[in-house]
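Worksheet: the structure to be examined is printed underneath.
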Number of protein chains: 2
Amino acid sequence: MTRPTIVQLAQAAGVSPTTVSHAFSGRRYVDPDTKARIVTLAQEMGYRANPTARRLRSGGGGSIALVSSMPFAVAAGPSRLGFLMEIAAAAAVTALSRSTTLCLVPPLERGSQLEALDVDGAIVVEPALDDSVLDFFFERGVPVVAIGHAPGRPDLPAVDLRSTETARLLLDHLGGAGWRVGLVTGLQRRNSYIETEAAYAAFCAERGLASAAIRIDERGGEDEAAVAVEAFLRQNRDIGALCVPVDAFAAGALRAAAALGLSVPDDLRLATRYDGMRARLASPQLTAVNLHLDQVAETAIDMLTGLIEGRAASPKPIAPPLLVERASSARSSS
Amino acid sequence: MTRPTIVQLAQAAGVSPTTVSHAFSGRRYVDPDTKARIVTLAQEMGYRANPTARRLRSGGGGSIALVSSMPFAVAAGPSRLGFLMEIAAAAAVTALSRSTTLCLVPPLERGSQLEALDVDGAIVVEPALDDSVLDFFFERGVPVVAIGHAPGRPDLPAVDLRSTETARLLLDHLGGAGWRVGLVTGLQRRNSYIETEAAYAAFCAERGLASAAIRIDERGGEDEAAVAVEAFLRQNRDIGALCVPVDAFAAGALRAAAALGLSVPDDLRLATRYDGMRARLASPQLTAVNLHLDQVAETAIDMLTGLIEGRAASPKPIAPPLLVERASSARSSS
DNA sequence: ACCGGCATGCAAATCGTTTTGCATGGCGTC
DNA sequence: GACGCCATGCAAAACGATTTGCATGCCGGT
């Protein structure tokens, strides 16, 4: 009942395993008749090369893990599902074409069955400062590539999400004659926040505007954002535009505006970062940025497989972030 | 620069590979001092057992695949991302706690690198009639568990999504005094559609209502649904409620209603099946059904691991589907 | 002095491929 | 007839672990 091996097939065909291997791989010449016999026989017997054995011999890659440092309950909740899973989907496709498989790894709790995790490398999505996930893999010598640089670890291989550029794009788009632009980020110390906040500071300095920024606890999600942004706007009446990278927070900001009787975009212009379902389903639809996550995922996998095989990681360039203008930031037709 | 093997570690520690192996696996007694020496040395040298080699020798014990028969471009698009990925997230957690890993497998194209796919089992999400994905795994003797029965293959192990019950739940909720209830499903022949359509036929028969149903091509997504439903409603003016299991189609139906000047829920009551982000972000929010996808995923994994290990598959019961009432089907306050 | 048993560790076989290096025989050429 | 070359195929060594059977050396009991 067990699958036939190459040896059994070879015996049945009256040849050596070598010839069978060559017949399939084509790496050496095999008599056409012989090859045909082998192939049909393989069909009959249901022979398929054992992928594990094949990989062992020819050093192929095994599996790589995709990890979010945020609990799935949060990551898979409305707030982050899109971002993580869009990457996951793209990464799965790329991984398969590189003959490795992509494993989804739920957030790590030390001392759990996680010790048994058997992967050749890991991709960590937007690690935060001192992220324990990184240490975990680091400790056991598993190569890691981050999507979005790990704060405080510029040495760690990473695919740059170009957050500074993205922030500039959003801020320049939002910035208008005279009014202030506010910024809403999160409490965690992720690189995208850090870069965005820096870009924001520079932006304000250039234009001689007073900055107005708050950070919101990610765990609170849209609801907490709605409350916090409402208070924030109440205190800063002169804010004419709001840059809200986290899409869940942007949704909260939308509610806050409604609560205050502010119309979007006429009284308040709004834009977010990740152009996912959330941005498109909001009303009005949210201006966002195309981050080319498919390219990001592909690059991350290529870097990681390179790392696993001992080659130097040479990040391919990602297309620059692209603003997707929608109703939430339409310029008032004046 | 390549990873050290067990032989190198053994040499460095002055013992045999056997002892190293036993030190880690614990399958034989090893002197505590020796073990300690090996472990610390392994740490220093960054030794990790090669998962591929390990698997080759000791058989499976690896990974299971999660497959959607729909292209990721569609499955991961707004229309199905939620459903598939919510299962993926839950399954990943369960899988890890059973010490296997969950691999995301993009839709299969024959003759691609897919041959190299190395999994011990597969979970297929809502297979369609004659789904080639099932044959693929069947051919190579990989055990499969379906989420949602495979049409025409009642023998295939599956976790029941209880679509008949779900449909009854929705229809009974929508059915009101006198008006007709319409049904919108998809072109593919998935079990959930089949059961839903049967339940719908029975529902109409019981109440002596003429049935009114259409099927929409999944690939067209929300846009095509908007067009199709509008035409459908125009032809069936007496429809007072619409049961639209596919959430993307429900969103389209919402647009169709708006285009016709019908108010939801006053002129048209609406409900969908999967209670995901889409249902919650629609306006008005869509009445939907809690399918307990976390339990579904857990059960699927348990069945599959059972199958892999040769035990009989004994499906655990899933909690019954639960209606989540929202504004889209609120009874008019009369 | 002998023997059984325990603690400790090693050698070698094994998993199923792929990949070299070498063997065989036939055939054309000088 | 000696020589080289091509076509065809096989044997054996990897790949990196796990697992089984056996070998020591030491101890206490008789």
Side-chain angles (χ1 to χ4, degrees), chain A residues 1-39 41-42 45-63 99-100 116 118-120 140-142 308-310, chain B residues 2-39 41-42 45-62 113 115-120 140-142:
Chain A
M1 213 49 183
T2 169
R3 258 168 43 182
T5 74
I6 197 173
V7 176
Q8 296 171 299
L9 175 55
Q11 278 174 344
V15 296
S16 77
T18 308
T19 305
V20 173
S21 177
H22 288 326
F24 284 122
S25 70
R27 293 190 45 93
R28 286 261 188 114
Y29 182 86
V30 172
D31 184 79
D33 287 351
T34 314
K35 185 188 284 188
R37 185 157 36 96
I38 293 176
V39 169
L41 211 51
M45 302 176 53
Y47 168 78
R48 328 218 111 249
N50 179 327
T52 306
R54 182 197 300 250
R55 276 212 287 264
L56 175 57
R57 172 60 225 230
S58 25
S63 55
S99 20
T100 67
D118 229 14
V119 294
D120 305 327
R140 58 204 66 204
V142 177
I308 291 172
E309 289 163 12
Chain B
T2 170
R3 254 166 51 179
T5 75
I6 197 174
V7 176
Q8 295 171 301
L9 174 57
Q11 278 174 346
V15 296
S16 77
T18 308
T19 305
V20 173
S21 177
H22 289 148
F24 284 121
S25 71
R27 293 190 43 93
R28 286 261 189 114
Y29 182 87
V30 173
D31 184 81
D33 287 350
T34 313
K35 184 187 288 189
R37 184 157 37 97
I38 292 175
V39 168
L41 210 50
M45 301 175 54
Y47 167 78
R48 289 201 63 230
N50 179 326
T52 306
R54 185 201 299 262
R55 275 214 286 269
L56 175 58
R57 172 63 225 229
S58 24
Q113 289 81 350
E115 308 296 328
L117 187 62
D118 189 15
V119 295
D120 304 324
R140 58 204 67 202
V142 176

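First the proteins, then the strands, lettered A, B, ... as listed; each starts at 1. Here the structure is a predicted model, which means the values were calculated and not measured.
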How close or far is atom [atom2] of [N] from atom [atom1] of [X], stated in whole angstroms?
X: A:Arg3; N: C:dT17; atom1: CZ; atom2: C1'; result: 12 Å
X: A:Arg55; N: D:dA14; atom1: CZ; atom2: C1'; result: 18 Å
X: B:Asp31; N: C:dC6; atom1: CG; atom2: C1'; result: 13 Å
X: A:Arg37; N: D:dG9; atom1: CZ; atom2: P; result: 8 Å
X: A:Asn50; N: C:dT14; atom1: CG; atom2: P; result: 18 Å
X: B:Leu56; N: D:dA14; atom1: CG; atom2: P; result: 17 Å
X: B:Asp33; N: C:dA7; atom1: CG; atom2: P; result: 15 Å

[X] vs [N]: side-chain N/O to OP1/OP2 distance below 4.0 Å:
X: B:Thr19; N: C:dC10; value: yes
X: B:Tyr29; N: C:dA7; value: no
X: B:Thr52; N: D:dA17; value: no
X: B:Thr5; N: D:dG16; value: no

For the residue pair [X] and [Y], what are the closest heavy atoms and their distance?
X: A:Asn50; Y: A:Thr52; result: OD1-N, 2.7 Å
X: A:Ala10; Y: A:Pro17; result: CB-N, 3.6 Å
X: B:Pro4; Y: B:Met45; result: CG-O, 3.4 Å

Practice prompt. Drop me the distance from A:Leu56's CG to B:Arg57's CZ, to the nearest 0.5 angstrom.
Written response: 12.5 Å

Output side-chain donor-acceptor pairs under 3.5 Å for residues 19-26 of chain B, partner residues at least two apart or in another chain, one line each.
unit_1: B:Thr19; atom_1: OG1; unit_2: B:Ser16; atom_2: OG; d: 3.3
unit_1: B:His22; atom_1: ND1; unit_2: B:Thr18; atom_2: O; d: 3.4
unit_1: B:Ser25; atom_1: OG; unit_2: B:Ser21; atom_2: O; d: 3.2
unit_1: B:Ser25; atom_1: OG; unit_2: B:Arg27; atom_2: N; d: 3.2

Practice prompt. Indicate yes or no for a side-chain donor-acceptor contact from B:Arg48 to the backbone of A:Val142 under 3.5 Å, with no hydrogens or angles considered.
Written response: no

Worksheet item: Going 5' to 3' along nucleotides 18-28 of chain D, which nucleotides have protein heavy atoms under 4.0 Å from the base (write B), which only from the sugar-phosphate (write S), and which from neither (write -)?
Response: BBBB-------

Worksheet item: Under the criterion side-chain contact (heavy atoms from CB on, under 4.5 Å), which of A:Val39, A:Ile38, A:Leu41, A:Leu9 is the partner of A:Tyr47?
Response: A:Leu9

